[in-house]
Structure formats: C-alpha cells, structure tokens
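Take a look at the structure below.
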Amino acid sequence: MSIATLTDLTIAYGPKVAVSNLSVEIPEGCVGLLGPNGAGKTTLIKTLMGFLTPASGSANVLGMDVRREGLRLRQRIGLMPEQDCHIPGMNAVSFVAYAGELSGMPRSQAMRRAHEVLEYCGLGEARYRNVETYSTGMKQRIKLAQALVHGPKLMFLDEPTNGLDPAGREDMLTLVRDISHGKGVNVVVSSHLLPDVERTCDNVIVMREGHLAREGDIATLKQGNEAHVDVELYAASDAFLESAAKRGAALVSRLGSRYTLRIAEGVDCGRLLFESAGESGAQVRGFRPSLRTLEDIFMEAMQ
Amino acid sequence: MTEGPRNSVATPISDLTYRDYDGPLLSRRLRWWSVTAGGLRTLWRLDLRAIAFWICAVLCTGPYLILGFFLWITSTVAGGNSRAFMGSAPGVRFAMLFYFALRLQHLFLFVVALIAGAGSVSADNKANALIVYLAKPITKMDYLLGKWANIFIVVFGAALVPALMLYLYCLAGYTSEGFLRDDPWLILRIVAVSAIAASVHASLVLGFSAWCRTPRTASAVYSAVYWGAWSIAFALTLRTPDEDMTAAQSLVAHLSISGVFIGLAQNIYRVTPSRFLNADFPTPPPWHVLSVVAVVLVLGGIAAARARIRAVEVIRG
Amino acid sequence: MSDLFILRNAIRDLLRPRRALTAVLLALLPGVVGLLHHLQWATHRHAHHASRIFEQHGRHAAQHAARARDIFQPYSADGWYTVFSSVLVFHFVLVIMALVFATAIIAQEMEQKTISYLLTRPVPRWRILLTKHAVVVYATTLVTWISCILLGLVTYGPSEILRSRVPLDIAVVPIGALAYCALFTCLATRFHNALVGGLIFVFGWESWVSSLPGNFQLLSLMAYLRVLAPHGELPPDAPITPRLAWIVLTCVIVIGTLGALFIFSRREYVPKDSAE
Amino acid sequence: MISLSHVSRWYGQVIGLNDVTCAFQPGLTALLGPNGAGKSTMLKLITGQLRPTTGSLSVYGERPFANPRLFSRLGYVPDTEGVYTELTGREFVTMLAAMAGLAGSDIDSRTAEAIETVGMTRNADRKIGGYSKGMRQRIKVAQAIVHDPDILVLDEPLNGLDPVARRELAALLQCQADEGKTVIVSSHILYEVEQMTSQIMLLHRSRLLALGDIHEIRALIDRHPHRIAIASPQARELAKRLLDLPFVLSVRLEEASIVEVETRTPDAFYARFPEIVLEGGFKIAAFDSPDNNLESVFNYLIAG
C-alpha cells in the first residue's frame with residue numbers, strides 16, 4: 001500500500017517548470033528522495049504539503065487530494081525544514097507546545113505531548129532553555145520535535161543531518177530509523193548524504209531536472225555483478241597487480257591503494273589474492289565482492 | 001483476587017518509545033486564538049520587553065489619574081461641586097475629561113502598541129518562523145488575524161482600563177451632579193473610542209512589522225511615520241490663536257495617524273470646541289470623513305501584511 | 001585598479017533600495033513642507049503677532065533668529081527660509097543622511113556576511129574604508145544640496161535665489177557633511193549598532209541643546225556649523241566665533257576620520273553567529 | 001609555511017582554541033572535529049581575520065592579521081552563506097580578482113578560467129541571489145582560486161552540496177594540492193574527506209587531538225584493539241585455527257559464516273593470515289577491518 005500516488009504531476013513557477021509529469025508511488029516506511037540541487041525535490045515536498053497547486057496532473061497523499069484538501073492534509077503531515085527556524089523568544093517546551101496548539105491540540109494535551117516528544121528527541125535536559133541558545137545539533141532535534149508533536153502520519157525531513165558532526169548524525173539517524181519502522185509514521189528523507197540515506201531508508205526515489213531518474217528499494221538496486229572484487233592493500237604496489245593479472249584477474253579501477261579487480265568465474269578469489277600478495281610482497285588489508293553503493297546508483301542515474 | 005495495578009498494556013513493562021497522538025483536536029475556527037494567546041503569553045515573562053510593556057501600561061493610566069485627582073481636589077475644596085474644576089464654560093461636560101485624557105495619553109498608547117506589535121511578524125521573519133506556522137494546518141488569515149488580535153487586545157486594554165477607572169470614580173462621586181443624566185451613553189463612547197484607537201494601531205503596526213526585517217527597524221519606521229505625520233500636520237497648521245481654521249486646514253491638521261482617532265474621539269464624545277484648562281482644540285472634520293480614513297488605515301495595514309506573507313517561498317527551493 | 005572596484009562596491013552599498021528611498025524622501029521633504037506651508041499661509045500675513053508665532057513653532061529656530069541683531073521682517077521669505085532650513089535641512093536632512101550612509105558602509109557588509117571577502121583582500125584596510133567614506137561624504141553632500149536648493153526655490157523663487165542666503169548654506173553643507181560623516185563612521189567602526197546610538201545623539205542631544213541657556217552650545221557640532229552660515233548678523237558676544245568654529249570643525253573631521261581608519265585596521269570583524 | 005605555537009583564542013568567555021601548536025605542510029589537510037571544536041576559529045586565525053589571544057601564528061614567517069602582503073597568496077572560502085546577492089557570478093569573481101591585485105588585462109581571462117574550472121560558465125551571468133546552495137558554493141570557490149593563491153582555506157565547502165558537486169569539488173581540491181599548494185579543508189562529511197586525503201588534523205574541545213596520517217593514528221590507538229571480520233563458509237574451523245595465534249586477543253562468531261578477530265598488532269596478523277588460509281585451504285569470501293575507516297577512528301579518538 002502506498003501513502004502517496006502521483007499521476008503525471010507537473011508543477012511550474014511561472015515559465016520555469018520545476019517538476020514535469022512525474023508519476024510515482026511513494027511506498028510506506030522510510031523513503032529517500034535524492035537528486036542534485038534544482039532537481040525539484042523541495043518543489044515536490046511543497047506540493048505534497050498543499051502549499052503549491054500543481055499545473056497539471058494529480059497527487060493523492062494519505063487518501064487526500066493535494067489541490068482541495070491542503071489544510072486537512074497538513075493536519076497529518078509533519079515538516080522538518082532545511083533552514084534553521086524557530087519561533088523567537090520561546091524556550092523549547094513552550095515552542096513545541098505552541099506548535100502542537102497550532103495543529104489544533106488543546107493547550108493541556110499540547111503541553112503533555114511536548115514534554116514527551118522532547119524527551120524522545122533527546123532534548124530532555126535542555127527543554128527549558130531558549131531555542132536561540134541551542135547548538136546546531138540541538139536545533140535539528142527541536143525541528144524534528146516540533147514536526148512530531150501533533151502525531152503526523154507522514155513526515156518530510158529536509159536534510160535532517162545537515163551540518164551535524166558524526167556523533168550528532170548518528171543519533172539523528174537512529175531517531176529517524178526508529179520513527180519510520182513500526183511506529184505507523186512514514187518518513188520521506190530528502191538528503192544529499194547518501195550513506196545516511198542508505199542507513200535509514202528502504203526505498204529511494206532519484207529525481208533529475210524534474211523527471212524521475214531511478215526508483216525502487218535500495219537492496220535490489222544495489223545488486224552488483226559479483227565477479228568484481230574490491231581489494232585494499234596496505235600500500236599501492238604494481239607488482240601485486242602483475243602477479244594477480246598472471247592469475248587471470250583484470251584491473252577495473254584503482255583509487256590510491258584500493259583496487260577493483262574482475263576475477264573469472266569459479267576461481268577462489270581469496271586464494272588468488274593471497275598468493276599474488278605473497279609473491280609480490282604486498283600486504284592485503286581486506287577484500288570483498290564489490291557492492292554497488294547508493295552513490296554509484298546515484299551517479300549512474302545522473303549520466 | 002484483586003487485580004494489581006494494571007497499566008493499559010497487557011505486558012508488565014510498557015513501551016516508552018515514540019507513540020502516536022490520537023487525542024482530541026479543536027476545530028480550526030479557533031486556531032487564530034492560539035496564535036493570539038501565544039503572543040499574549042510572551043508579555044507575562046520577566047524579559048526586558050515585558051517589563052517595558054508594563055511600565056508603559058502604567059503610564060497610560062497617568063493622565064486619567066491626574067485628571068481624577070484634580071477633580072477630587074477642586075471639588076472637595078469647593079464643597080463637592082464638580083463645576084469648580086471643569087469651569088462653567090457652556091458645553092463642557094464630563095465627556096471633556098475623557099477626551100482630554102485621551103489627548104494626553106496617545107503617546108503612551110503608541111509606545112504600548114509598538115512594544116506589543118513591532119516584533120509580531122518581523123521577529124518571525126528574522127527567525128524564519130513562518131515555515132513552522134504555515135507548515136501547520138492554519139491559513140495565512142488565521143496567522144494574521146491572531147497577530148492582529150494580539151496587538152488589538154493589548155492596546156484596547158491599555159486604553160480602556162484607565163478610562164473605566166475614572167468612569168467608576170465619577171459614577172461614585174458625581175452622579176448627584178448629573179454625571180449619568182448628563183450623558184447616559186458615555187460608557188459606550190469610551191469603549192468605541194478605545195476600540196478605534198486599538199484597531200488603527202494594531203493594523204498599522206502589523207503592516208510595518210510584516211514589511212521590516214527586524215523588530216527594531218519596524219519600530220523605527222512606524223515611529224518615523226507616526227511622529228513625522230504628526231509634526232508635518234502640526235507644522236502646516238501654524239496660525240495665530242484667534243484665527244479659525246478653514247475646513248480644509250482642519251482636515252490637514254487631522255491627517256496624522258493620531259489626528260484620525262483623536263478627531264473621531266472628539267466627534268464621538270460630542271465635545272464642542274471650547275477652552276478647557278487653557279488648551280484650545282481645533283474643530284475636527286466631520287466623523288464620516290475621519291471614519292473613512294480610519295477604515296482605510298485598518299484594512300490597508302492588514303492587506304499590506306497579507307501581501308508580504310506568501311507561503312510559496314516560505315520553503316526556499 | 002582595485003580602488004575602482006571598491007568604489008563601485010561602496011556605491012552599490014548606498015544604492016540599496018531602502019536607503020535610496022530614504023535619500024529621495026529626505027531630499028524632497030524640506031521643499032515639500034516649504035511649498036505646502038507657502039501655499040497655505042501666503043494669504044494670511046499678520047505682522048503684529050511676530051513674537052508669538054516664533055515662540056510657538058521651533059523654539060531653537062526662533063532663538064537663532066531672535067538673537068540675530070537685525071530683526072528682519074518675520075513674514076518675509078528670509079523668515080520662513082531660516083526656520084525651515086535650520087529645522088529641516090541642517091538639523092534633519094544633513095544629520096540623518098550622514099548617519100544612515102555612514103553606518104551603512106560597515107553594517108551592510110556585516111549583515112550580508114560578505115565582509116570576510118573584503119578583509120581577506122591584499123588591499124590595506126584603511127584604503128577600503130577611506131574609499132567608502134569618501135563616497136558617503138559625497139552622497140550626503142549631494143542629498144543635502146538638493147534639499148537646500150529645493151527649499152530655496154520654493155521660498156525665494158528662481159529669480160531671487162542667488163541673492164538670498166542659499167548660496168552661503170550650500171557652501172557650508174560639505175563641511176557639515178565631512179564633520180558628521182567622520183563622527184558617525186568612527187562610531188560605526190567601533191560599535192555594532194551605531195545607527196541607534198547615532199539617532200539618540202541626534203535627536204537626544206543635537207536638536208535641543210542649542211536652545212539651552214549658557215555655553216552648552218559649545219558641545220553641539222551643529223552650533224559651530226550654524227556659525228559658519230549665520231542667518232543674519234551674529235551678536236558680538238556670541239560664545240562661538242567663526243575662527244573657533246573652523247578650528248573645532250577641522251579637528252572633528254581629522255580626528256574622526258583618522259580614528260575610524262585606525263579602528264577599522266585594528267578591530268576584528270567576524271559575523272557573530274559563526275564564531276564557533 | 002603555516003605554523004601555530006601555543007595559539008589560543010577566546011570570545012569573551014567562550015573558548016575558541018586552547019593552546020594549539022601545529023604546522024601545515026603543502027598538500028591537502030582535512031580539519032575535523034565535532035561542532036564547536038574550534039575549526040572555524042582556527043581557519044579565521046590563519047586567514048588573518050582574528051588575532052590569537054595568546055601564542056603566535058606565522059604564515060610565510062609573517063603575522064597574518066590584516067596583513068595585505070600575505071593575502072595575495074591566500075584564497076579563502078567562508079562557511080557563511082553571505083554573498084552579494086545583487087551581483088552576477090562573473091561580476092562577483094571579477095571584483096574580487098581585481099581587488100586581489102591581478103593586472104587589469106588578465107582579470108577577465110582569469111575570471112573566465114576560474115568560473116570554467118568550477119563548472120559555472122552556464123550560470124555565470126545570472127544574479128547570485130537566484131543561485132542554489134550548490135551553485136553559490138561553486139562561485140565562492142571560484143573567487144578563491146582566481147588569483148592562483150599558494151594557500152587555499154575552505155570552511156565546510158562540502159556542506160549542502162549534492163553528490164555530483166561534492167565529487168567535482170573534491171577532485172578540484174585534490175589537483176590544487178597536487179600542484180604543491182597548501183589546501184586546508186574543514187568538514188563534517190567524513191566519508192567524503194576519506195576519499196580526498198589521509199592527512200587529518202582533529203580538534204576536540206578546542207584542543208588539538210590528532211595530527212597526521214590516518215593510518216598511523218589508527219595504529220597508535222592501542223586502547224581499541226583492531227577488529228577484523230572474516231566471512232568464510234568454514235568459519236568455525238578457521239576460528240579454532242586462529243585461536244592458536246599468540247597475538248589474537250579474542251575470536252567471536254557473528255553469524256554462521258562470519259568470524260571477528262581482535263588483535264593489538266594488526267601488521268603481525270595481516271602477515272600471518274595469508275599463510276594460514278593457504279595451508280588450511282580455507283575458502284575466504286571476504287575480509288576487512290570495519291574500524292579502519294575515518295569515522296570509527298574519529299569516534300575512538302573522541303570517546304577518549
């Protein structure tokens with residue numbers, strides 16, 4: 001079952017067409033929305049939230065038509081915007097409670113729910129501080145909290161891990177993964193950091209200049225050709241390449257001390273690599289069948 | 001077998017991770033009130049803005065207190081006769097007290113409106129808060145109406161409460177001298193004048209706040225416009241005291257923002273031009289002219305603010 | 001070559017839409033007010049109330065005019081020109097323009113967060129500031145000239161304008177612009193929100209200190225400027241003589257400008273929020 | 001080249017850098033560290049926008065603060081989004097090129113060349129206000145390389161770029177470094193930095209935590225033994241066999257076919273392991289060290 005179906009949707013800002021007849025099903029769970037700058041990702045999010053009326057085609061989100069039921073739609077959608085945004089002069093609790101009230105929750109429910117969501121987003125101890133004094137990481141969490149407070153069924157996260165340091169990124173990714181699996185909340189993550197998308201999302205939609213470039217779940221897209229092997233040596237060594245070539249391994253690509261070799265069928269690549277290393281005096285630091293990363297898929301889609 | 005305390009879930013350990021919210025939801029018609037309530041709550045805190053606001057609110061009561069005090073002093077000295085203070089010039093009635101107090105008070109009323117409203121939209125622009133508001137199920141009009149009502153209630157309170165205090169004092173002390181007989185509808189006139197002043201201020205402050213990037217520039221621009229208009233209107237009507245203004249000049253004199261609602265107040269209080277505490281008041285233009293100008297100001301301010309808030313570029317591509 | 005680009009950068013700073021609008025409005029303000037007033041009251045000439053009228057509108061303007069020895073016809077063109085030029089052109093347009101433009105050169109770059117591009121160019125900082133300062137002084141003078149000429153045209157009419165006080169005022173304006181711009185640029189390099197400080201100095205001090213009794217005038221820059229372009233003869237016992245005025249104004253210009261250059265070269269300008 | 005000795009810097013009570021002594025060599029160095037660790041402060045000190053509160057800092061032997069002689073050899077890309085929105089890309093780069101002291105004649109040619117290298121020729125004549133984040137970043141890099149500086153300092157250049165733009169920028173910085181320039185890049189996106197360089201400088205709590213080649217640093221962290229995961233059908237026998245090696249600390253069987261080994265002396269293990277596999281005829285599907293990447297080294301160092 002899909003949470004949103006788009007049938008040849010076209011969206012334009014005056015003459016400039018941002019999205020041109022896009023037909024795609026957004027599946028449940030966590031979906032990655034990828035694409036270079038200017039591919040129409042944010043325009044699509046704006047339309048699915050009922051801000052923009054599409055030039056032609058139709059979009060049906062959570063069973064509601066985007067053109068007519070924008071307001072009712074935003075009742076069940078949460079947006080975590082890319083830019084820093086907060087309501088000035090409020091501390092975390094009153095800000096999140098106010099966001100709840102704006103979504104229609106009565107004041108008492110909003111206050112209770114604010115505490116709960118802040119605790120969940122890991123801002124428990126900083127909940128009485130003014131939002132202006134927050135660090136980048138905490139600002140990202142409060143943006144998530146204000147989007148979660150009214151219990152949305154669909155969340156749009158725009159660059160959730162942007163500008164976060166590795167530790168902050170780790171926490172945010174676990175949060176996104178936890179919400180989108182088994183809690184009845186579907187999440188659409190629009191991000192440029194592909195390993196992050198790889199770690200949280202199951203499906204991915206790649207857009208390019210307003211068109212759909214790739215679509216599907218990540219596991220199937222990553223099926224690479226098993227014949228290729230990524231080898232990492234302690235130090236680059238051409239001798240190793242020659243001895244490997246003697247045993248029937250062809251060089252596909254190299255980056256510093258990392259090589260990708262194509263090995264004939266049926267050959268035990270472990271044995272082959274260790275023998276070549278032994279012969280050429282190089283030290284193998286690791287090898288594995290080369291899996292296509294999401295970045296490779298993305299780059300292919302961009303050609 | 002008595003049941004032990006059972007929590008709502010079958011298993012003894014309840015799951016404290018994220019859960020959905022399916023509690024009650026209010027109807028969208030009242031959504032503008034939560035914006036207003038949010039704004040009003042910011043005046044209860046102990047920050048500089050709230051303190052400045054309460055000081056100005058107290059100053060707003062100043063003129064009424066002073067007039068009440070003088071009324072009390074002169075009437076006790078002259079054996080309880082209110083005419084002693086107000087003078088026996090024809091047409092001078094209790095309404096003159098309230099009109100004169102409003103003339104003295106309009107500076108503080110302006111400052112109250114500035115503190116309450118200058119940051120209402122501009123601070124949101126600066127902190128990019130519009131995305132948060134408009135990503136929620138509220139429309140632009142809810143947002144604007146809420147902000148407008150926030151400023152209106154604050155200024156209306158600052159104008160009405162002191163007037164009511166003086167009204168009650170006169171009611172208690174001077175009904176024997178015909179305070180009620182003199183003008184039974186005075187209380188309604190006071191409410192009307194306060195409402196007009198509050199709505200004019202609310203719309204204009206909202207309009208300027210929407211068009212300026214920071215609260216400081218919004219208050220600077222509104223002050224420049226408010227006092228600029230007042231001083232130009234004053235400069236253009238310099239004349240000798242015993243010389244009357246033609247109707248055109250009187251219109252020019254009232255064409256500043258404060259001129260509009262003070263002129264309307266004079267019409268509503270039906271205070272004919274006469275000398276009171278050696279101050280002279282030019283005859284105001286007729287009320288229907290001024291009320292047209294007032295309506296234009298009120299609607300113009302809201303329209304200007306609405307034009308500035310467009311949802312589309314709220315989320316920049 | 002790089003100075004040409006700094007010049008263009010500075011001019012672009014000043015031509016921001018909001019600032020250009022303020023400049024145009026202020027240039028027209030005195031002329032419009034003078035015109036409106038001229039039309040309103042051209043027909044109501046009542047000589048016998050001269051002192052009351054002066055006492056009512058603009059006490060400091062009246063002080064200047066009253067102190068001048070030859071009490072000229074109160075309702076003559078000179079009378080109204082003196083009032084409006086002193087109140088509007090000098091006390092308002094010149095000072096506000098100097099303040100708005102002078103504080104803009106640094107505040108604009110800081111707010112746009114583009115100052116780091118300028119400060120990492122191989123151009124000495126004082127050259128950058130000096131070019132920008134020169135543009136500001138030129139712009140302030142230009143706007144004040146326009147407003148003064150407009151007021152003169154309205155009050156005297158094109159025929160008499162050359163013989164009236166306007167040319168003297170026109171001559172004094174550049175000096176005033178130099179002095180005020182030096183002061184405000186110095187303020188702007190040192191303090192973050194110099195605009196607010198400047199406004200307080202202008203409206204809180206300059207405009208009414210000259211009407212205080214005693215020698216408070218010595219502390220107001222405008223008093224010295226007015227001495228250079230007296231409207232009517234100066235009383236002999238006046239505390240400020242033209243010579244003293246010249247000395248003080250030159251000192252303010254030199255110290256202010258050099259101070260601004262020195263501060264700008266020494267101080268660190270980093271946009272606040274990125275000081276992580 | 002660029003050397004700091006006991007440099008520290010405060011903003012009022014907020015500490016930016018605390019007693020850092022280090023030097024930057026030609027080539028690409030990545031400046032890493034959690035938010036608020038003082039990366040921006042260090043870059044602003046090097047580019048002469050800030051003065052150190054204590055200690056001294058020298059670039060080509062001179063103090064960099066407001067020092068015009070140095071700036072002609074310096075290219076700086078700020079982290080803030082500040083741009084002259086009313087200029088077009090070409091005007092912006094031309095202005096800064098002229099102010100960088102280029103001779104009048106070759107300003108336009110160098111500008112066109114710089115804009116070409118960052119791939120912005122198509123949008124060069126549009127207003128920067130209308131640029132997307134990626135395009136702004138590219139035009140900011142263009143202004144930094146237009147006067148061919150010897151030192152190139154970039155503050156979070158990869159932030160907000162899409163993968164295509166990121167890869168191109170990484171390649172551009174790589175070739176600038178190969179030309180012998182000193183390129184300093186501060187960034188959070190570790191897996192991107194990993195592909196650019198192995199020279200890192202790690203700041204933590206405003207102090208210098210690690211400086212040098214990532215592999216050497218990883219080897220030095222003996223508090224965290226090396227983990228090596230081996231995928232093999234005969235996992236259990238291999239595990240038994242590996243246990244006799246003296247330098248193997250622990251062996252764990254993850255799933256059915258994955259053996260995880262911990263050792264403090266990785267070199268000894270990597271030397272010995274091929275022989276065991278060849279003798280025992282084990283079939284190895286894959287093996288690598290999960291904590292050999294920059295992110296885990298970063299986490300080990302930060303965890304302390």
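Bear in mind that the values here come from a model prediction, so they are computed numbers and not experimental data. Proteins get letters first, then strands, A, B, ... in listed order; numbering begins at 1 in each.
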task: State whether D:E168 and D:R166 are salt-bridged, where the test is any N-O pair (Lys NZ or Arg NE/NH1/NH2 against Asp/Glu carboxylate O) under 4.0 Å.
output: no

message: I'd like to check D:P34 versus D:I302 (side-chain heavy atoms, cut-off strictly below 4.5 Å). Are they in contact?
response: yes

query: Which bit of D:F269 comes within less than 4.5 Å of chain A, counting heavy atoms only: side chain, backbone, both or neither?
result: neither

message: How long is the straight-line distance from CD of D:Q174 back to CE of D:M196, given to the nearest 0.5 Å?
response: 8.0 Å

query: Of the backbone (N, CA, C, O) and the side chain (C-beta and beyond), which part of A:F287 lies under 4.5 Å from a heavy atom of chain D, both, or neither?
result: both

message: Any carboxylate oxygen within less than 4.0 angstrom of a Lys/Arg side-chain nitrogen, looking at A:K222 and A:D217?
response: no

task: Working to the nearest 0.5 Å, report the span between CG of A:D196 and CD of A:E159.
output: 9.5 Å

task: Please look at D:Y191 and chain A and tell me whether the side chain, the backbone, both or neither of the residue comes under 4.5 angstrom of a heavy atom of that chain.
output: side chain

task: With a 4.5 Å cut-off on heavy-atom pairs, point out which of A:A167, A:G278, A:C269, A:P195 contacts chain D the most.
output: A:P195

- request: Specify which of A:G270, A:S135, A:P166, A:G168 makes the most heavy-atom pairs with chain D at under 4.5 Å.
  value: A:P166

message: Counting heavy-atom pairs under 4.5 Å with chain A, which one of D:D288, D:L32, D:I228 comes out on top?
response: D:D288

Residue, of D:I189, D:L161, D:L158, D:L190, that accumulates the most heavy atom pairs under 4.5 Å with chain A: D:L161

task: Sort out for me which of D:R167, D:Q195, D:E275 touches chain A most, counting heavy-atom pairs under 4.5 Å.
output: D:R167

task: With a 4.5 angstrom heavy-atom cut-off, could you sort out which part of D:Y270 is near chain A: side chain, backbone, both or neither?
output: both

Stepwise side-chain hydrogen bond (donor to acceptor under 3.5 Å, both in side chains) test for A:T293 and A:D296: CA-CA 5 Å; A:T293 64; A:D296 303 334; 3.2 Å; yes

message: Among A:E275, A:Q283, A:R288, A:M302, which residue has the highest count of heavy-atom pairs closer than 4.5 Å to chain D?
response: A:Q283

Sub-4.5 Å side-chain heavy-atom contact between D:K140 and D:M135: no

